[in-house]
Amino acid sequence: MAFNLTRRKFLQSASLAAVALPLSRAIASESGVKRSPLEAKGSFKDETVVGGICEMCFWRCQLVGKKRGGRLVKLEGNPKSIDNGTSICARGNAGIKLLYDPDRLKFPLKNVGERGNPKWKKISWKEALDECGNKLKAVEDKYGAKGICVFPHGSSAKYPMHFFERTVGTKNVSEASFFQCRGIRDTAYVATIGKAPGEKVDMPNAKVIFLLGGHFGENIHVSHIKRYLKGLQNGAKLIVVDPRYSASAAKSDIWVPIKPGTDTAFLLGIMNYLIATKKYDADFVDEYGDGFEEFAKGIEEWSLEKAAAACDLTVQQIKEVADLLADNAPNVSIHPGRHVSWYGNDFQRQRSLACLTGLLGAFYVKGGWVPAIGPKVGKLSWEHKEHEEEFNLNLNSDDELYHPFTPPGTPTELIRDAALTGKPHPIKGCVIWGQNPIQTIPGQEKMKNVLRQMDFVMCVDVMPTDITMWADILLPEVSYLERYDYIKTGTQWDLSEKQQQFISARMPLVSPLFERKDQVFITNEIAKRMGYEEDIPVKTAKDMVEKNLEVAGLSLAQLKKEGGIHIQPGKNPYNMPDDFEVVFFNEDIEDAGFPGVPTYKPVEEPPAGFARLIYGRVPVHTFNRTQNNVWLHSAMPTNPVWLNDELAAKMGLKDGDEVGFINQDGIKSRTTTIVKTTPGIRKDCVYMGHGYGSANPLMTVGVGAGVDDTSLVTKIAVDPETGANGMRNNFVKFIKDGKIINIPTAA
């Protein structure tokens, strides 16, 4: 605020100063203007609270919070962290805006309108819990535990998921993190090396980093990105296989613009070339390989020429990649990927990645795949009970598994098909916890029909995402900044440095506002109403964390005393286990009726006038979870569609043009986005960020912003070995000013 100070008044003030009256008070007394109290810039005067573990994505970086007057004003990386350190990403910083988002769910709500078109009535927790417990019990009494299904996601969903799965006894549990994301990766590696791979690649010490579809820099997990960048800084060569010139491709030594869906053919071509030219690690294969001869024979048809033709590449492009990997083996990071549910032929691709790592001898060596050895903590939760009635939708009438290599839980399509047909049994109760099946599972209309036929739908969330519109009872959950739950363990991010382990636990940085409750309170109260009070394993979320810490000889008080993170000596992760082996030919897979050697299955080509719709992440959002965050929305409010610039010119489109879409089934997007023309994408596909275009008007920032890519994924593909969804087998045309524009055939 500006104000005028005359010389006379200044002198008067100066005289006052002689009697030690502060100038500011003198000015205030004469002008009536009060200055704001002087505060140090930054967080100098703020209270620091420890124990934060981020959940703006699922990497879960360690945080401290800065509080002022009881209000959280800033989040920072915990300086004691040997994982993310003091770094957090844009989403981590913006957690403050989630915490205080005015659109957050505040009270229990009852839908007195229609599912999908709700009218909300505020009710008490008692009424809400009574209705949830009684309605779910009624479903259980009438249809058995098999009449209930659960769609959980996130750390707070584990406790309720275990209640329904272990205590009530339903097997109809489908986590998006498995069936629409990384489950295929995990089971394919288990079938090959006996372990789920995570993202355990020692990139800081690699000579070559190989990414198949990974686009680091757009998909940001802080300590993971540190490893990646440290590897590049140390001189690692980078190979990126992607139809799109992604952020990673922009840093690559070799970018391979592969034809979508042909990745397995590409890998088979490389592996056959390595074997044929004896450039693989024969000593490693002899010592740790199983079924190598069958494997080599099974892929011998994959000449470089055949692979190049399948992948729309040149022989030289594939040979260059293979030679670079062989020349630098075994210190190569063959990244297993994370979101790998692409085309419905994904299990075989993930098997191929594991086999390629084996051919290069790149397990348990510097720069290769190396699982760090972390500390042990407890896993207290609901105990497994014996159930009189066992059922499994994954079993056919001959007691054979439809999908023998499925991740934990039940494939989503088996649950949805049973719900819609009533066969082999009805599913009439639905619990959705932290997941948004409208925007995570292909076939939105199918999902809506599943929900329409339910007797009862309960939803627990932090924000009013699109799925919450389908709830009968909607419960407000505390956020990750307001609750106890998750214990994070691990090691230092660079495995070549001093071996250390860490243990940290999520603690509330602030008290919950309004009537929000945590997962233990909600689950226990429902359990009591369903008749399972005697099975309750723990009274509060805090107690649960305390008991799990006890296993490691720690407590919450001790962790707080140590700055939120306990650090202890670690162990050398490079030692090869005695029982380790790479199963190149898997007899169990073949016995189950699938190829025991990694095999390429072609996918459908785009029809004339269409391009394949592919999608991925953007740096500042975690799918739809962050779309309503005002800071992140401001940074990236929409998801521009990438279109090859030559095609755009033929179509009469330019950067910034507003377009919608129609897919091969005639489904139109509800909203529009803008065009981004680029030479950095193949002509047979278009690309956009995932998770935009919210339909719920209660998401006042994110509603209608950008296009919901999942709404255009109506052709449902299922990976036969795992039952997971493949979600890049749909095709689109553009719509501009109401006119449908064909996409010229790729030339």
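The two residues Met447 and Pro437 come nearest to each other via the heavy atoms SD-CB, 3.9 Å. Taking each heavy atom of Met699 and Pro464 in turn, the nearest pair found is CG-O, 3.1 Å.
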Checking Asp543 against Tyr484 for the side chain to side chain donor-acceptor pair (under 3.5 Å) test, could you report, in this order, the C-alpha distance in whole Å, the side-chain angles of both residues, the deciding distance, and whether it holds? CA-CA 9 Å; Asp543 289 345; Tyr484 294 94; over 6 Å; no
Evaluate the side chain to side chain donor-acceptor pair (under 3.5 Å) criterion for residues His162 and Ser381: first the C-alpha distance (whole Å), next the side-chain angles of each, then the deciding distance (0.1 Å), finally the verdict. CA-CA 7 Å; His162 289 161; Ser381 191; 2.8 Å; yes
Thr626 and Arg91: side chain to side chain donor-acceptor pair (under 3.5 Å), yes or no, with the steps? CA-CA 8 Å; Thr626 57; Arg91 295 162 299 172; over 6 Å; no
Could you give me the CA-CA distance, side-chain angles and deciding distance for His335 and Phe216, then say whether ring pair (Phe, Tyr, Trp, His ring centres under 6.0 Å) is met? CA-CA 11 Å; His335 201 287; Phe216 303 164; 5.1 Å; yes
Show the numbers, then the answer: is there a side chain to side chain donor-acceptor pair (under 3.5 Å) between Arg506 and Ser155? CA-CA 10 Å; Arg506 178 176 285 146; Ser155 61; 3.0 Å; yes
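The pair Glu199-Arg182 does not meet the salt-bridge criterion, since no charged nitrogen lies less than 4.0 angstrom from a carboxylate oxygen. Of the charged side-chain nitrogens involved, none lies within less than 4.0 Å of a carboxylate oxygen, so that Glu131 and Lys121 do not count as a salt-bridged pair. Comment: Glu55 engages Arg60 in a salt bridge, judged by a side-chain N to carboxylate O separation of less than 4.0 angstrom. Between Asp101 and Lys97 there is no salt bridge, since no side-chain N of the basic residue sits under 4.0 Å from a carboxylate O of the acidic one. A salt bridge does not link Glu550 with Lys547: every distance from a Lys NZ or Arg NE/NH1/NH2 to an Asp or Glu carboxylate oxygen is 4.0 Å or more. Between Glu546 and Lys542 no salt bridge is recorded (no basic side-chain N to carboxylate O distance below 4.0 Å).
Panel note: side chain Asn624, backbone Gly691; a donor-acceptor pair is recorded below 3.5 Å. In this structure a side-chain-to-backbone donor-acceptor pair under 3.5 Å is missing from Arg185 to Pro336. At distances below 3.5 Å, at least one donor-acceptor pair connects side-chain atoms of Lys80 with backbone N or O atoms of Ile565. Distance alone, capped at 3.5 Å, is enough to place a donor-acceptor pair between the Arg115 side chain and the Met454 backbone. Without hydrogens or angle criteria, Asp186 side chain to Ala196 main chain gives no donor-acceptor distance under 3.5 Å. Checking side-chain atoms of Thr491 against main-chain N and O of Gly374 turns up no donor-acceptor pair under 3.5 Å. Side chain of Arg529 to backbone of Cys132: no donor-acceptor contact under 3.5 angstrom is found. Gln439 places no side-chain N or O within donor-acceptor distance of the main-chain N or O of Asp708, the cut-off being under 3.5 Å.
Of the inter-residue distances, the one linking Ser555 atom OG with His566 atom NE2 reads 11.0 Å to the nearest 0.5 angstrom. His153 contributes atom NE2, which lies 9.5 Å from atom CD of Gln180 (distance to the nearest 0.5 angstrom).
More than 12 heavy atoms of other shown residues, nucleotides or ligands fall within 6.0 angstrom of atom CD in Gln568. Around NZ of Lys379, the count of heavy atoms belonging to other residues, nucleotides or ligands within 6.0 Å does not exceed 12. Other residues, nucleotides and ligands contribute over 12 non-hydrogen atoms within 6.0 Å of the NZ atom of Lys448.
A cation-pi arrangement is found for Arg71 relative to Tyr100, the charged atom lying closer than 6.0 Å to the ring centre and inside a 45° cone about the ring normal.
For the side chain to side chain contact (heavy atoms under 4.5 Å, CB included) with Phe164, the lone residue among Val173, Leu136, Thr523 that qualifies is Leu136. Each of Asp472, Leu474, Ile432, Val431 was scored for a side chain to side chain contact (heavy atoms under 4.5 Å, CB included) with Met458, with one residue passing: Val431. A salt bridge (charged side-chain N to carboxylate O under 4.0 Å, His left out) with Asp46 is found for one member of Lys74, Arg68, Lys67 and no other, namely Arg68. Under the side chain to side chain contact (heavy atoms under 4.5 Å, CB included) rule, Thr412 has a single partner from Thr440, Asn725, Val450, which is Asn725.
Classified by interplanar angle (parallel below 30°, tilted 30° to 60°, perpendicular above 60°), the ring pair Phe163/Trp382 is tilted.
Neither side chain, Asp485 nor Tyr480, offers a donor N or O lying under 3.5 Å from an acceptor on the other.
With contacts defined as side-chain heavy-atom distances shorter than 4.5 Å, the pair Ile415/Phe151 qualifies.
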